[in-house]
There are 2 protein chains.
Amino acid sequence: MASNTEENYLKALFQITIESGNKQEAGTNEIAAHLGVKPATANDMLKKLKLKKLIQYEKYGKSSLTKAGKKIAIEVVRKHRLWETFLFQKLAFSWDEVHEVAEQLEHIQSKKLIDKLDAYLEYPAFDPHGDTIPNAKGELNITIKKTLLEEEVGHQCKMIGVKDNSASFLQYVNKMGLSINQTIRIVARQAFDDLLEIEVNKKISSVSPKFAENIIVECAICNKATKA
Amino acid sequence: MASNTEENYLKALFQITIESGNKQEAGTNEIAAHLGVKPATANDMLKKLKLKKLIQYEKYGKSSLTKAGKKIAIEVVRKHRLWETFLFQKLAFSWDEVHEVAEQLEHIQSKKLIDKLDAYLEYPAFDPHGDTIPNAKGELNITIKKTLLEEEVGHQCKMIGVKDNSASFLQYVNKMGLSINQTIRIVARQAFDDLLEIEVNKKISSVSPKFAENIIVECAICNKATKA
DNA sequence: AAAATTAGTTAGGTTAGCCTAACTTTTATA
DNA sequence: TATAAAAGTTAGGCTAACCTAACTAATTTT
């Protein structure tokens, strides 16, 4: 069983490598900076994680996750994102408040709890930041997360989150007939003033670029194109 | 800010003293036993908690909570019981599974989280074990928790929990028209076979002593009598 | 290629929370 | 009331996770 701290190191390594990058490894200083500790501290932990066979690491070299280490990292990410979704959807936390609390909740040890939470939330695919939630098997569908502003004309996409979480913006979102999981079709983009024409529930409306860049969407068409 | 461990010591002291007793103090060995640590370890912590003015303690004497210490202890108890209620009511955990997970969840630091959870659960008065949940102000209504078996004939009481959590028992409970918060009136007790006649939803039925001792109830009449 | 910068490591120190072993104080009992 | 038992304390040690200071290795720059 990994300690909270060990879990945090594995998660950091996961985020630096697998997620936000192409290179599959990270340096000691990079990891230390990510966690807000000194390189000497990170170095100690890396040696320990190597001994536990959770990472690959050689003196003066870069670190990367082993299969076992990656499994733990993904579990922590899964817990983090499920809790964020719970806080956002059920407890009406705002988008920017969920992270801090989820940092604590992600370390609760109970397989049963997290699987029941997943079921209770009806197996959400995305957290409120629009990031993919790994499933119970540790599978993580890498989907392209983008804002409505970046979506292509003609494509149909699904709203999976918001960036701005102010009451005024959320009311506006609501007024436009938008909510999580709502399907949106991009009808046109006006070259003249950059307004975006979207179709929601068979109703067409125009939204500003500022509005559009605060709506996080997922697009099945784009995802397929990327995989091919 | 108290650490998880400090919180556990304060909670233990609270449970030993205020809750399950009349004497308002506890010995070092008693506290150590409650927490599963050695007396030497507890002794160190008691000195530390005294320094932080969270408990009163003199060498070779008993310990008791100060106002500040009691405040923290009650907050932890509140969090524990609210999480138990959440696990039981929303995530369909069974009665006997909630405690272990709540032991972890009770240390999550976020006032906002716990108050929102309270609201989400609609301000429950009791946890699934029938224990009172302190409110946001730290007020704890001490109510007498008893089983249906112990309730007096003629009194009306409210079901607040169950002891047995097997599927078969819960189905039986359900069949009798009983659920949490359901009002029950004790019609009579048959001296001959100890069967209890109860009225639930204007329907009278008989239950065995074995059944009755697994239903936890609260009785306003009894509570009033005790306070007077 | 030598020097300078950056990255990474080692050694030694701290604190929290635990332990054992030996001791002292208090309480109960003969 | 003396003594045995129970309760409580102290001293010294351990591990996890952090630190600083001084070092070595690798990489850039001139």
Side-chain angles (χ1 to χ4, degrees), chain A residues 1-13 16-17 21 23-65 69 72-73 76 103-104 106-109, chain B residues 1-17 21 23-65 69 72-73 76 103-104 106-109:
Chain A
M1 179 111 312
S3 69
N4 284 13
T5 309
E6 285 166 1
E7 285 190 350
N8 283 336
Y9 276 85
L10 294 172
K11 190 181 68 159
L13 193 46
I16 296 170
T17 61
K23 51 171 176 33
Q24 292 285 106
E25 47 184 29
T28 306
N29 285 12
E30 204 176 354
I31 297 168
H34 193 99
L35 290 164
V37 299
K38 299 290 157 180
T41 304
N43 182 61
D44 283 350
M45 181 57 87
L46 293 176
K47 283 192 273 187
K48 188 174 158 196
L49 291 174
K50 188 203 167 154
L51 243 147
K52 287 196 167 189
K53 299 196 174 140
L54 297 173
I55 67 165
Q56 279 165 269
Y57 160 77
E58 294 306 330
K59 217 181 186 181
Y60 294 108
K62 309 272 180 187
S63 301
S64 61
L65 290 165
I72 295 175
V76 175
E103 283 289 302
Q104 296 179 61
E106 72 188 6
H107 299 296
I108 302 291
Q109 299 293 351
Chain B
M1 180 112 309
S3 70
N4 284 14
T5 309
E6 286 166 359
E7 285 191 350
N8 283 336
Y9 275 85
L10 294 172
K11 189 181 68 159
L13 193 45
F14 180 76
Q15 281 167 348
I16 297 170
T17 60
K23 51 173 176 34
Q24 293 284 107
E25 46 184 30
T28 306
N29 286 12
E30 205 177 352
I31 296 168
H34 194 99
L35 289 164
V37 299
K38 300 290 158 180
T41 304
N43 183 59
D44 282 351
M45 182 58 86
L46 292 176
K47 282 192 273 186
K48 188 175 157 195
L49 291 174
K50 188 204 166 152
L51 243 146
K52 286 195 167 191
K53 298 198 173 139
L54 297 174
I55 67 167
Q56 279 165 272
Y57 159 77
E58 294 305 331
K59 218 181 184 181
Y60 295 108
K62 308 272 180 187
S63 301
S64 61
L65 290 165
I72 295 175
V76 175
E103 283 290 301
Q104 295 180 63
E106 73 188 4
H107 299 296
I108 302 291
Q109 299 293 351

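Note on naming: letters A, B, ... go to the chains in the order of the sequence lines (proteins, then strands), and numbering restarts at 1 for each one.
OP1 or OP2 of C:dT10 sits under 4.0 Å from a side-chain N or O of A:Lys47. Contact check, A:Tyr9 against D:dA16: no side-chain N or O comes under 4.0 Å of OP1 or OP2. For the pair B:Tyr60 and D:dA6, the criterion of a side-chain N or O lying under 4.0 Å from OP1 or OP2 is not met. Applying the 4.0 Å criterion to OP1 and OP2 of D:dA17, one finds that A:Ser3 has a side-chain N or O inside that range. Remark: A:Thr28 is in phosphate contact with C:dT9, judged by side-chain N or O atoms under 4.0 Å from OP1 or OP2. Put simply, B:Asn29 has a side-chain N or O that comes within less than 4.0 Å of OP1 or OP2 on D:dG8.
Nearest nucleotide to the A:Lys48 side chain, out of C:dT9, D:dT9, D:dA16: D:dA16. Closest to the side chain of A:Asp44, out of C:dG8, D:dC18, C:dT9, is D:dC18.
One can place NZ of A:Lys52 at 13 Å from C1' of D:dA17, the figure rounded to the nearest angstrom. Taking atom NZ of B:Lys38 as the reference point, atom C1' of D:dA11 lies 18 Å away to the nearest angstrom. When rounded to the nearest whole Å, the span between CE of A:Met45 and P of C:dT10 equals 16 Å. Distance CG (A:Leu35) to C1' (D:dC18): 12 Å, rounded to an integer number of Å. Rounded to a whole Å, the CD atom of B:Glu7 is 15 Å from the C1' atom of C:dA16. Per the geometry, CD belonging to B:Glu6 stands 11 Å off P belonging to C:dC18, to the nearest Å. The separation between B:Glu58 atom CD and C:dT25 atom C1' is 15 Å, rounded to whole Å. As rounded to whole Å, 14 Å separates atom C1' of D:dG8 from atom CD1 of B:Ile55.
Each of A:Lys59 and A:Val37 lies near DNA chain D, and the nucleotide nearest A:Val37 is the one positioned closer to the 5' end. With the nearest nucleotide of DNA chain D identified for both A:Ala40 and B:Lys62, B:Lys62 has the one nearer the 5' end.
Counting all heavy atoms, side chain and backbone alike, A:Thr17 lies closest to A:Gln24 at CG2-C, 3.7 Å. When all heavy atoms are compared, the tightest approach of A:Ala73 to A:Leu65 is CB-CD1, 4.3 Å.
Heavy-atom neighbours of B:Lys52 NZ from other residues, nucleotides or ligands within 6.0 Å: above the threshold of 12.
When side chains are defined from C-beta on, A:Leu10 counts as touching A:Ile55, because their heavy atoms get closer than 4.5 Å. By the 4.5 Å heavy-atom criterion applied to side chains, B:Lys48 and B:Glu6 are counted as neighbours.
Residue contacts for B:Thr41: at a heavy-atom cut-off of 4.0 Å it reaches a base atom on one of the strands shown.
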